[in-house]
Amino acid sequence: MSDRKYDPQEIEPRWQQLWEDEATWVVANQVPGEPSDQQNSYVLEMLPYPSGEPHIGHLKVYSVGDAVAHFQRRNGKRVLHPMGYDAFGLPAENHAIKTGQPPRLSTEAAIAEFQRQFRRWGISIDWSRELATCEPDYYRWTQWIFNQLLKAGLAYRQQAHVNWCPNDQTVLANEQVIDGCCERCGAEVELRELEQWFLKITDYADRLLEDLDSVDWPENVKTMQRNWIGRSEGAEVVFTCDELGSEYPVFTTRPDTLFGATFFVLAPEHPDLQRLAAGTGNEQAVDDYVKEALARGSELRGAAEREKTGVALGRTVTNPVNGEQIPVFVADYVLMEYGTGAIMAVPAHDERDYAFAKAFELPIRRVIEGNDADGDDEGLPYGGDGPLVNSAPQFDGTPNREAVGAIVAWLESEGKGRSSVNYRLRDWLISRQRYWGCPIPVVRCPQCGIVPVPDDQLPVVLPVIEDYAPKGQSPLAAASEWVNTQCPTCGGPAQRETDTMDTFVDSSWYFLRYCDAANDEAAWDPAVLREWMPVNQYIGGVEHAILHLLYARFFCKALADLGHLDASEPFARLFTQGMITRDGAKMSKSHGNVVSPKAIVDRYGADTARAYILFIGAPDQDVDWSDEGVEGVHRFLSRLWRLSAELADQGETVDGDKAANLMLIRKANWAIDKVTADIDRRFAFNTAIAAVMELTNEVSRLRDEAGSEAKRFALESASSLCFPFAPHVTTDAYQLLTGERLWEQPWPVADPAMLESDSYELVCQVNGKLRDRVEVPSDADREQLEQAALAAPNVQAHLAGREPKKVIVVPGKLVNIVVG
RNA sequence: GCGGAUGUGGCGGAAUUGGUAGACGCGCACGGUUCAGGUCCGUGUGGAGGCAACUCUGUGGAGGUUCGAGUCCUCUCAUCCGCACCA
């Protein structure tokens, strides 16, 4: 080995500087209408939330994305690979409350640190399109989109029971409540009745569901979205209270069990409770129960296996199929936010209703015959299928599945119900009583009501304030100079909306802005979007499987419907990367197992850090970090560079041994073939890197036998193939070897002739067990293979003179000899 | 409870269509070169037996299909994730 030493701290900044100076990764938008011979490819990683400094997960997602971007570029694509910051949000504001440092300052400091480190990592970003969602020239268009949605009736204000986080002093979207607690701070969420802004994502429920079939996404993410949307088919059936003359529709997926309904239950939040209980003598008991239930909080209330509680209202309603009067209860196992907040209870065929009926000694009537039971109450509640019983003469005997349609048809003809579809998905609550977010661009005018700020007066700039502490209303309310304004319609005194938007609004359209980031006339030019959208490859964490990805899809569809873009799905292909753990646990300060990307990059260089992260396992799986493992990858890159430098330094050309040369050239072609397939088809960066390691090891092994040309070809190929994972060292090695710029070279293509060889090792099995291996010519026919296997010494030994009963020949692989 | 995933050496992980289990890397052992080494190079490394050629055994567990199963089927155990009183 030569004494040349691999020095990433010298190599990496040198190439980064050149790429920066030449703006190598900047890609211009095409002039509309001008044909291009290059295909476009939009490669995008989820934008980071800038807080403190990047962590190891950032290094992973951008290493994966950069590998894809480089691979696409060298395969001739025009690649859009931008970067930005999801810069509004609670952490910066909470930091401000604690320290007094304005959110803008801490955010800008974090962004500066992210920029520094991203550059130090050598990620091939088109920095000309950089954006931060907290900048007025970005959120101006967030506000414009809000106006568009408002105009289209997709944004509305409504009084509603909403999730309130007592700690953050703000409302939360349904999606931000985990097990009854605030997603951010973990405080138990309370229900409050408040007037809030909503976006009508439920209008898109069906399309959000159907279009999942059209995208190339991981199945688990699609499933999560399907579950979240929660479409169920059933019927709406109207029960009536004849005494009051009121109607109570219920949603049921089991109209076939209607004849088994023996009571009726309303949710504690149901608006008609007071009215129903009035005059029955049960008012007080109902009132007490409702108060208690509402105070209990959703966490306790939602606990499974809880004893059923409830109170009778002292009223009955009429079952539309048989005219029966059934008693009405209020019980907290019925949820106001699902269906109509009222249910028909069929204790014989529903576990929850059964438990309630048992607790309150209510009648239980079987209406579906079970396979096992013979009409008695054994095996109840029964959730299976069977013929109907006790269901008026006309339905008895009908298999219950068929009865669903028949009963719904009958209800429809009688005007007492209809088939119906229900969703779990709720409208998206977007207003937040917090400071550090995008102001909702509306004004309240005593004369004109809620008035949107006209597009030409946007942005409504977030004012600088002193006190960020939450007080149950937005801190903005105290900024009286800002709040008091003129009505855009009548010019009279008016007040600004002081709520800000959920930060998920900001990140629901940033990928559109990248395409036309410098446009200050419009959010984007639709013609430019046509070039780039949809994103060809989106990469990010699975933790965004529901929230961000659902909201972004909704925005895309709504904006497409409004004529602002063509694509109705934002992300054609999605890749979700796994977490990096250490000692089997998620990295966290409390565990004391955090690996800082900065420390690793400082010590080993960016190439080692990036390649190691991709090497330790399949990028979509969780993988465990090991400090010792990094050394191995560093050794490999070091060896690749030193072998290249050594060869470049070598003055004279050596012919070398012919067989060694051929072996090396074959190995290089094998690697080209394997790495290409691994990256392109499987995202299997770990095995791709392993293949380059093998090739490099082969050069090292044949160092003294192989000639200069063969070694040059092998090392060139190794650098070329490893470039997407470790761009600096490979670029440097490639230049030493060839004088060329690696990133400008087309992706290598394997020579098919070199993928074949004259002979191979034939596996010889006896009764399926490996007994010998023999070298056979590649063109040997089945008969020859059989003979070769039979002749193998250890096969002979195991046959021990017995006659083969059967011989399986798999050309190119093996021969299996079966004896009795 | 429903849905999804994972389970392979001391460790991280390979095995693409059912066809040589353990690629590649770490670690470890031995040897060499340096000997200022946190250097570099070589050999070996699933377990058991054997000087060796080899033999037996082995992919969470139990069955099955097959000439042949880590891979397919049935049951089962463990861990992780998502949803959950959703009518």
Side-chain angles (χ1 to χ4, degrees), chain A residues 1 3 5 178-179 218-228 230 232 234 250-254 257 265 301-306 308 331-335 337-346 349-353 355-356 422-424 542-543 545-546 579 584 603 612 615-618 620-633 635-636 638-639 642 674 677-678 681-682 684 686-694 697 700-701 703 761-773 793-794 797-798 804-810 812-819:
Chain A
M1 268 283 170
D3 51 2
K5 194 169 182 305
I178 311 293
D179 291 333
E219 209 45 52
N220 61 329
V221 175
K222 288 191 186 186
T223 305
M224 278 194 235
Q225 292 221 345
R226 286 192 190 104
N227 290 343
W228 190 264
S232 30
V250 300
F251 174 77
T252 178
T253 54
R254 297 296 305 277
T257 63
V265 191
R301 192 175 150 185
E305 311 299 319
R306 229 186 92 234
K308 293 283 177 286
D332 66 3
Y333 82 94
V334 174
L335 310 175
E337 58 272 22
Y338 189 78
T340 61
I343 62 155
M344 63 170 205
V346 184
H349 303 288
D350 180 281
E351 276 184 41
R352 298 152 298 172
D353 297 344
F356 192 86
N422 199 64
Y423 300 91
R424 207 187 83 103
V542 74
E543 65 272 18
I546 297 172
M579 223 177 19
R603 179 158 179 188
Y612 174 64
F615 177 68
I616 42 178
D620 57 336
Q621 312 242 296
D622 291 353
V623 290
D624 206 65
W625 178 278
S626 121
D627 292 328
E628 295 77 40
V630 187
E631 303 270 357
V633 171
R635 276 200 278 268
F636 153 65
S638 181
R639 187 196 297 211
R642 270 185 293 108
K674 169 145 182 75
D678 280 356
R681 289 210 299 269
R682 306 199 301 147
N686 53 336
T687 52
I689 293 170
V692 182
M693 286 176 169
E694 283 194 56
N697 290 346
S700 182
R701 203 168 296 131
R703 193 169 5 164
E761 201 172 60
L762 180 75
V763 167
C764 308
Q765 298 180 331
V766 177
N767 285 341
K769 287 196 170 160
L770 172 70
R771 291 305 178 193
D772 216 334
R773 301 181 174 94
N794 204 37
H798 279 269
K805 230 163 60 182
K806 190 171 171 185
V807 179
I808 316 282
V809 180
V810 185
K813 284 253 156 49
L814 55 78
V815 172
N816 185 15
I817 297 153
V818 186
V819 292

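First the proteins, then the strands, lettered A, B, ... as listed; each starts at 1.
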Visitor: Pick from A:Asp353, A:Asp350, A:Val265, A:Thr252: which one makes a side chain to side chain contact (heavy atoms under 4.5 Å, CB included) with A:Met344?
Guide: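 Considering A:Asp353, A:Asp350, A:Val265, A:Thr252, a side chain to side chain contact (heavy atoms under 4.5 Å, CB included) with A:Met344 is found only for A:Thr252.
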Visitor: B:rC56 C1' sits how many Å from A:Asn794 CG, rounded?
Guide: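 After rounding, the reported distance stands at 14 Å.
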Visitor: Side chain of A:Arg424: nearest nucleotide among B:rU20, B:rA84, B:rU16?
Guide: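 Minimum distance to the A:Arg424 side chain belongs to B:rA84.
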Visitor: Please report the distance separating the C1' of B:rG9 from the corresponding atom of B:rA84, rounded so that it comes out in whole Å.
Guide: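 Going atom to atom, C1' in each nucleotide, I get 40 Å.
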Visitor: Which nucleotide, B:rU55, B:rU57, B:rA87, lies nearest any side-chain atom of A:Thr252?
Guide: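 Nucleotide nearest to A:Thr252's side chain: B:rA87.
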Visitor: Quote, to the nearest angstrom, the P distance that separates B:rC73 from B:rG18.
Guide: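 Per the computed distance, 11 Å lies between those P atoms.
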Visitor: Mind checking whether A:Lys674 and A:Thr687 have side chains closer than 4.5 Å, heavy atoms only?
Guide: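 A:Lys674 reaches A:Thr687 side chain to side chain.
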Visitor: Without swapping roles, check the side chain of A:Asp622 against the backbone of A:Met579 for a donor-acceptor pair under 3.5 Å.
Guide: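 Present.
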Visitor: What's A:Val763 touching, base or sugar-phosphate or nothing? Going by heavy atoms closer than 4.0 Å.
Guide: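 Base, at least one base atom sits under 4.0 Å.
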Visitor: Nearest to the side chain of A:Tyr333, which nucleotide is it out of B:rG68, B:rC85, B:rA87?
Guide: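 Looking only at side-chain atoms, A:Tyr333 lies closest to B:rC85.
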Visitor: Could you state the NZ-P distance from A:Lys674 to B:rU16, rounded to the nearest angstrom?
Guide: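 That distance rounds to 9 Å.
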Visitor: Please name the pair of heavy atoms, one in A:Asn767 and one in A:Asn816, separated by the smallest distance, quoted to 0.1 Å.
Guide: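 For A:Asn767 versus A:Asn816, the nearest heavy atoms are N-OD1, 3.5 Å.
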Visitor: Determine the contact category for A:His798: base if any of its heavy atoms lies under 4.0 Å from a base atom, sugar-phosphate if only primed atoms, P, OP1 or OP2 are that close, otherwise nothing.
Guide: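 The answer is sugar-phosphate, as A:His798 gets under 4.0 Å only of primed atoms, P, OP1 or OP2.
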Visitor: Please tabulate, one pair per line, each protein N/O and nucleotide N/O from nucleotides 4-10 of chain B that are separated by under 3.5 Å, including the distance.
Guide:
none

Visitor: Between B:rG61 and B:rG7, how far apart are the two C1' atoms, rounded to whole Å?
Guide: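 B:rG61 and B:rG7 have their C1' atoms separated by 12 Å.
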Visitor: Mind checking whether A:Met693 and A:Val633 have side chains closer than 4.5 Å, heavy atoms only?
Guide: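 A:Met693 vs A:Val633: side chains touch.
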Visitor: Reckon A:Ala545 touches a base, only the sugar-phosphate, or nothing at all at heavy-atom distances under 4.0 Å?
Guide: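 No contact.
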Visitor: If the glycosidic angle is within 90 degrees of 0 it's syn, otherwise anti, so just tell me which one B:rG9 is.
Guide: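 Syn conformation for B:rG9.
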Visitor: Would you mind telling me which of B:rA87, B:rC67, B:rU16 lies closest to the side-chain atoms of A:Lys806?
Guide: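 That would be B:rC67.
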Visitor: Using atom P of each nucleotide, how far apart are B:rC28 and B:rC11 to the nearest Å?
Guide: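 Roughly 15 Å separates the two P atoms.
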Visitor: To the side chain of A:Thr253, which of B:rC54, B:rA87, B:rC83 is closest?
Guide: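 My answer, after comparing the listed nucleotides, is B:rA87.
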Visitor: In whole Å, measure the gap between the C1' atoms of B:rU8 and B:rG13 for me.
Guide: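 About 9 Å, rounded to a whole number of Å.
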Visitor: If a pair means Watson-Crick or G-U wobble with both distances below 3.5 Å, what does RNA chain B look like in dot-bracket form, with | marking bases paired to a different strand?
Guide: (((((((..(((......[....)))((((((.......))))))((((....))))..(((((..]....))))))))))))....
Visitor: Do the side chains of A:Met224 and A:Val542 get nearer than 4.5 Å, heavy atoms only?
Guide: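 A:Val542 reaches A:Met224 side chain to side chain.
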Visitor: Separation of A:Asn422 atom CG from B:rA87 atom C1', in whole Å?
Guide: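 The distance from CG of A:Asn422 to C1' of B:rA87 comes to 9 Å, rounded to the nearest Å.
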Visitor: Does any N or O donor sit under 3.5 Å from an N or O acceptor when you compare the side chain of A:Lys308 with the base of B:rC85?
Guide: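 A donor-acceptor contact between them is present.
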Visitor: Mark yes or no for a side-chain to base donor-acceptor pair under 3.5 Å between A:Arg773 and B:rU20, with no hydrogen or angle criteria applied.
Guide: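 Counting by modelled atom types and ignoring angles, a donor-acceptor contact under 3.5 Å is found here.
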Visitor: Please state how far atom CD1 in A:Ile817 lies from atom C1' in B:rG68, giving the value in whole angstrom units.
Guide: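 Between C1' of B:rG68 and CD1 of A:Ile817: 13 Å.
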Visitor: Which nucleotides of nucleotides 21-33 of chain B have their base under 4.0 Å from a protein heavy atom (B), which only their sugar-phosphate (S), and which neither (-), written as one string 5' to 3'?
Guide: --BBSSS------
Visitor: On RNA chain B, does the nearest nucleotide to A:Thr340 precede the nearest nucleotide to A:Arg771 from the 5' side, or the other way round? Give the residue.
Guide: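 Its nearest nucleotide being more 5', the pick is A:Arg771.
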Visitor: Counting only side-chain heavy atoms from C-beta out, which of B:rG19, B:rG13, B:rC86 sits nearest to A:Leu335?
Guide: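 Per side-chain heavy atoms of A:Leu335, the pick is B:rC86.
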Visitor: Nearest whole angstrom, please: distance from the C1' of B:rA87 to the CE of A:Met344.
Guide: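 So the CE-C1' distance, A:Met344 to B:rA87, works out to 8 Å.
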Visitor: Under 4.0 Å, heavy atoms only, any strand: does A:Lys769 hit a base, just the sugar-phosphate, or nothing?
Guide: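 Sugar-phosphate contact only.
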Visitor: Contact class for A:Ile616 (heavy atom, under 4.0 Å): base, sugar-phosphate, or nothing?
Guide: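 Contact class for A:Ile616: sugar-phosphate only.
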Visitor: Do A:Asn816 and B:rC67 share a donor-acceptor pair, side chain to base, under 3.5 Å?
Guide: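 Pair found.
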Visitor: Is the closest basic N to carboxylate O distance between A:Glu694 and A:Arg701 below 4.0 Å?
Guide: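 Judged by the 4.0 Å cut-off on N to carboxylate O distance, A:Glu694 and A:Arg701 do not form a salt bridge.
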Visitor: To the nearest Å, give me how far apart CZ (A:Arg254) and C1' (B:rA87) are.
Guide: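 Result: 10 Å.
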Visitor: If we take the P atom in both B:rG27 and B:rA21, what is their distance in whole Å?
Guide: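 The same atom, P, in both gives a distance of 28 Å.
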Visitor: Are A:Val630 and A:Trp625 packed together at the side-chain level, in the sense that at least one heavy-atom pair is separated by less than 4.5 angstrom?
Guide: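 A side-chain contact under 4.5 Å exists here.
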Visitor: Under the side-chain contact (heavy atoms from CB on, under 4.5 Å) criterion, do A:Asp624 and A:Ile616 qualify, and how do the steps go?
Guide: CA-CA 8 Å; A:Asp624 206 65; A:Ile616 42 178; over 6 Å; no
Visitor: Without decimals, in angstroms, what is the distance between A:Met579 CE and B:rU79 P?
Guide: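 To the nearest whole Å, that distance equals 17 Å.
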Visitor: Say you pick atom C1' in B:rG42 and the same atom in B:rU33; how far apart are they, in whole Å?
Guide: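 That atom pair is separated by 10 Å.
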Visitor: Are there more than 12 heavy atoms of other residues, nucleotides or ligands under 6.0 Å from atom CD of A:Glu761?
Guide: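 Result for CD/A:Glu761: enclosed.
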Visitor: Using a 4.0 Å heavy-atom cut-off, does A:Lys222 contact any base of the nucleic acid, only the sugar-phosphate backbone, or nothing at all?
Guide: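 If one applies the 4.0 Å heavy-atom cut-off, A:Lys222 turns out to touch nothing in the nucleic acid.
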Visitor: Could you tell me if A:Arg424 and A:Asn227 have a donor-acceptor pair between their side chains, going purely by distance under 3.5 Å?
Guide: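 There is no such pair (donor and acceptor under 3.5 Å, judged by atom type) between the side chains of A:Asn227 and A:Arg424.
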Visitor: Can you see whether A:Tyr333 has A:Lys308 sitting over its ring - NZ or CZ less than 6.0 Å from the centre and within 45° of the normal?
Guide: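 Verdict for A:Tyr333: a cation-pi partner in A:Lys308.
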Visitor: Counting distance only, does the side-chain N/O of A:Tyr612 pair as donor-acceptor with the main-chain N or O of A:Ser626 below 3.5 Å?
Guide: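 Between the backbone of A:Ser626 and the side chain of A:Tyr612 there is a qualifying donor-acceptor contact (under 3.5 Å).
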Visitor: Do the side chain of A:Asp772 and the main chain of A:Asn794 share a donor and acceptor less than 3.5 angstrom apart?
Guide: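 Yes: the side chain of A:Asp772 pairs with the backbone of A:Asn794.
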Visitor: Work out which heavy atom in A:Val334 is nearest to a heavy atom in A:Ala342; give both atom names and the distance.
Guide: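 Nearest heavy atoms, A:Val334 then A:Ala342: CG1-N, 4.2 Å.
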Visitor: Expressed in whole Å, how much space separates the P atoms belonging to B:rC24 and B:rA15?
Guide: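 13 Å, rounded to whole Å.
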Visitor: Which nucleotide sits closest to the side chain of A:Arg352: B:rC41, B:rC85, B:rU55?
Guide: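 Given the options B:rC41, B:rC85, B:rU55, the side chain of A:Arg352 is closest to B:rC85.
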Visitor: How many Å lie between NZ on A:Lys805 and P on B:rU66, as a whole number?
Guide: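 Atom NZ in A:Lys805 sits about 13 Å away from atom P in B:rU66.
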Visitor: Where each residue is assigned the nucleotide of RNA chain B containing its nearest heavy atom, which of A:Val818 and A:Ala684 is assigned the position nearer the 5′ end?
Guide: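 Its nearest nucleotide lies further toward 5', so the answer is A:Ala684.
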